[in-house]
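Worksheet: the structure to be examined is printed underneath.
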Amino acid sequence: MSKPRPISGFPEWAPPQRMIEQYVLDRIRTTFELYGFAPLETRAVEPLDQLLRKGETSKEVYLISRLQDEDGPTVGEGTLGLHFDLTVPLARYVLENAGRLHFPFRRYQIQKVWRGERPQEGRYREFTQADIDIVDRDTLSAHHEAEMPLVIGDALGGLPLGSTDGRLPIRIQVNNRKICEGFYRGIGLADPMAALRAVDRLDRVGPDGVRTLLIETAGATEAQAKACLALAEISAPDASFADAVRQLGVTDPLLDEGLAELVAVMENAAAHAPGLCVADLRIARGLDYYTGTVYETQLRGFERFGSISSGGRYDNLASDEHVRFPGVGISIGVTRLLGLLFGANALSISRSVPTCVLVALVSEERRAESNRIADALRRRGIPTEVAPSAAKYGKQIRYAERRGIPYVWFPGVDGAGDEVKDIRSGEQVGASADVWQPPAADLHPTIG
RNA sequence: GUGGCUGUAGCUCAGUUGGCAGAGCACCGGGUUGUGGUCCCGGGUGUCGUGGGUUCAAAUCCCAUCAGUCACCCCA
């Protein structure tokens with residue numbers, strides 16, 4: 001059998017990277033719960049028709065089939081696909097369990113998702129999303145839209161990125177679709193959705209490119225295109241963007257509604273997390289189910305890789321003939337975030353294993369003695385392993401040193417007491433496994 | 001899914017007009033009847049991504065494929 005090889009787009013981190021990932025995931029989870037979001041896990045698969053209910057992302061959905069079905073998956077009734085985000089499964093879950101849920105329903109969900117796209121740095125076919133949503137019945141208060149960025153800011157704000165100079169490592173760009181749609185309506189634009197898609201590409205194709213797109217795909221006149229661009233170029237770190245929009249002289253009820261909502265989001269952010277959010281009226285988001293506030297998140301220093309966390313408000317995703325469940329949510333691309341940071345060597349960990357203490361082995365005959373010491377340490381929460389062989393002590397120390405294990409424990413011989421050595425400083429002191437305690441900073445690997 | 005670039009040791013890379021696969025670091029063994037790191041001696045640890053083809057001869061040229069990366073598409 002030939003050597004196994006990686007599969008494109010399906011990353012497998014090494015243990016030190018996985019330890020960092022678990023640290024980040026723990027931090028995200030703790031923050032989500034701190035804000036009162038309840039955990040949920042949905043199955044990996046959804047019926048294909050559910051997955052395709054909104055949007056036309058069909059080409060990137062992975063279908064599943066059994067080996068028995070020799071011709072592969074047949075697309076039709078009952079066809080299953082792997083979910084490509086956590087919002088569509090949530091919508092399905094809410095419709096299915098509406099009678100058992102309390103609204104507004106605040107839930108978080110941290111799971112793998114799959115997309116059959118072409119991988120590159122920061123883009124994968126299998127990746128983890130950490131998603132929060134608030135879903136209500138019939139109507140959803142706008143203040144929930146202001147809460148989302150704060151949670152994300154807290155979850156990611158404290159990441160120990162080497163380059164942080166006191167500033168937050170992220171910046172959340174916020175916009176409101178109602179502003180765009182109201183504005184487009186106010187200037188009499190024929191196809192608002194096409195205009196949104198065109199404006200969304202401002203960063204990539206530039207103002208002239210967008211102008212061309214607006215005229216060619218959205219049926220805009222030269223003057224309309226110019227107005228759209230003027231709107232898209234508005235950006236402000238506070239609520240002052242609203243004045244800039246009004247100065248464009250367009251009036252429309254939906255526009256006013258959107259302005260009020262975005263002002264509320266910005267004022268709330270300024271009050272609780274100064275510098276976190278920026279109102280950026282070019283942010284449109286390709287997904288067509290967003291109906292209000294939309295978010296994108298830039299990682300400082302990695303702007304060219306795009307958003308590492310995004311979402312928005314959707315009024316119509318979860319609904320049937322009788323009830324409507326409007327929601328707002330935002331999702332962190334954990335795998336993308338880590339892939340970018342790993343690639344830049346921006347995150348490191350103090351050791352490559354969880355082990356804090358390596359108990360040395362005097363001889364193979366006395367392994368039980370070392371095992372007892374390890375047990376005593378573990379009982380008190382100190383991650384401990386026993387040396388794999390009774391090699392010369394120099395070798396045993398080197399075993400620890402290679403892995404970054406900070407302490408080696410030497411069982412006492414001939415009646416002498418045990419000793420523990422900090423192999424970084426070389427300091428070695430007498431110790432008892434029943435009471436010795438490492439400094440708190442050494443107990444677990446630290447991320448830096 | 002479409003197109004471009006890249007692929008040599010664990011890592012970073014060198015390898016001439018096609019002519020016996022190399023360096024630094026890392027790693028392994030020894031000096032050290034048992035406490036590492038410095039120092040000294042010794043060791044190349046490799047299906048040149050993989051599979052075909054051309055050739056007396058391929059890391060080198062050609063084709064395919066896989067992986068990484070970039071642009072598009074889309075998006076975390």
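Every chain is numbered from 1 and lettered A, B, ... according to where its sequence line falls, protein lines coming before strand lines.
Of the candidates rA67(B), rA76(B), rC27(B), rA67(B) carries the atom nearest the S8(A) side chain, counting heavy atoms from C-beta on.
With sequence neighbours excluded, the residues satisfying salt bridge (Lys or Arg N to Asp or Glu O under 4.0 Å) with D315(A) are R313(A). With sequence neighbours left out, the side-chain hydrogen bond (donor to acceptor under 3.5 Å, both in side chains) criterion links T446(A) to S350(A). Taking D280(A) as the reference, R282(A) meet the salt bridge (Lys or Arg N to Asp or Glu O under 4.0 Å) condition, with sequence neighbours excluded. Under the ring pair (Phe, Tyr, Trp, His ring centres under 6.0 Å) criterion, F325(A) pairs with F103(A), not counting sequence neighbours. Qualifying salt bridge (Lys or Arg N to Asp or Glu O under 4.0 Å) partners for R367(A), counting only residues two or more places apart in sequence or in other chains: E364(A).
Judged by the 6.0 Å and 45° rule, R177(A) forms no cation-pi pair with Y314(A).
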Quiz item: For every nucleotide of nucleotides 2-13 of chain B, 5' to 3': is a protein heavy atom under 4.0 Å from its base (B), only from its sugar-phosphate (S), or from neither (-)?
Solution: BB----------
Practice problem: Spell out protein contact along nucleotides 33-44 of chain B as letters: B when the base is contacted, S when just the sugar-phosphate is, - when no protein heavy atom is under 4.0 Å; keep the 5' to 3' order. | Solution: SBBBB-------
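Between the side chain of R336(A) and the base of rC75(B), a donor-acceptor pair under 3.5 Å is found.
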Between protein and nucleic acid, restricted to nucleotides 49-52 of chain B and to nitrogen or oxygen atoms under 3.5 Å apart, what atom pairs and distances do you find?
unit_1, atom_1, unit_2, atom_2, d
rG49(B), O2', R5(A), NH1, 3.3
rG49(B), O2', R5(A), NH2, 3.1

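Legend: side-chain hydrogen bond (donor to acceptor under 3.5 Å, both in side chains) pairs involving residues 387-406 of chain A, not counting sequence neighbours, sorted by first then second residue: E385(A)-Y399(A).
When base pairs are accepted only as Watson-Crick or G-U wobble with both N-N or N-O distances under 3.5 Å, RNA chain B takes part in stems of 3 or more pairs at B:1-7 with B:66-72, B:10-13 with B:22-25, B:27-31 with B:39-43, B:49-53 with B:61-65.
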Please tabulate, one pair per line, all N/O donor-acceptor pairs under 3.5 Å involving side-chain atoms of residues 106-116 of chain A, not counting sequence neighbours.
unit_1, atom_1, unit_2, atom_2, d
R106(A), NH1, E147(A), OE1, 3.2
R106(A), NH2, Y35(A), O, 2.6
R106(A), NH2, E147(A), OE2, 2.7
R107(A), NE, Q109(A), OE1, 2.6
R107(A), NH1, D131(A), OD1, 3.2
R107(A), NH1, D133(A), OD1, 3.1
R107(A), NH2, L86(A), O, 3.2
R107(A), NH2, Q109(A), OE1, 2.9
R107(A), NH2, D131(A), OD1, 3.3
Y108(A), OH, E33(A), OE2, 2.5
Q109(A), NE2, T42(A), OG1, 2.7
Q109(A), NE2, Q111(A), OE1, 2.8
Q111(A), OE1, T42(A), N, 2.9
Q111(A), NE2, T42(A), O, 2.8
W114(A), NE1, E126(A), OE2, 2.8
R115(A), NE, F84(A), O, 2.8
R115(A), NH2, F84(A), O, 3.0

Only pairs under 3.5 Å count here: list side-chain donor-acceptor contacts from residues 425-433 of chain A, not counting sequence neighbours, and write none if there are none.
unit_1, atom_1, unit_2, atom_2, d
S425(A), OG, E427(A), N, 3.1
Q428(A), NE2, E419(A), OE1, 2.6
S432(A), OG, D434(A), N, 3.2

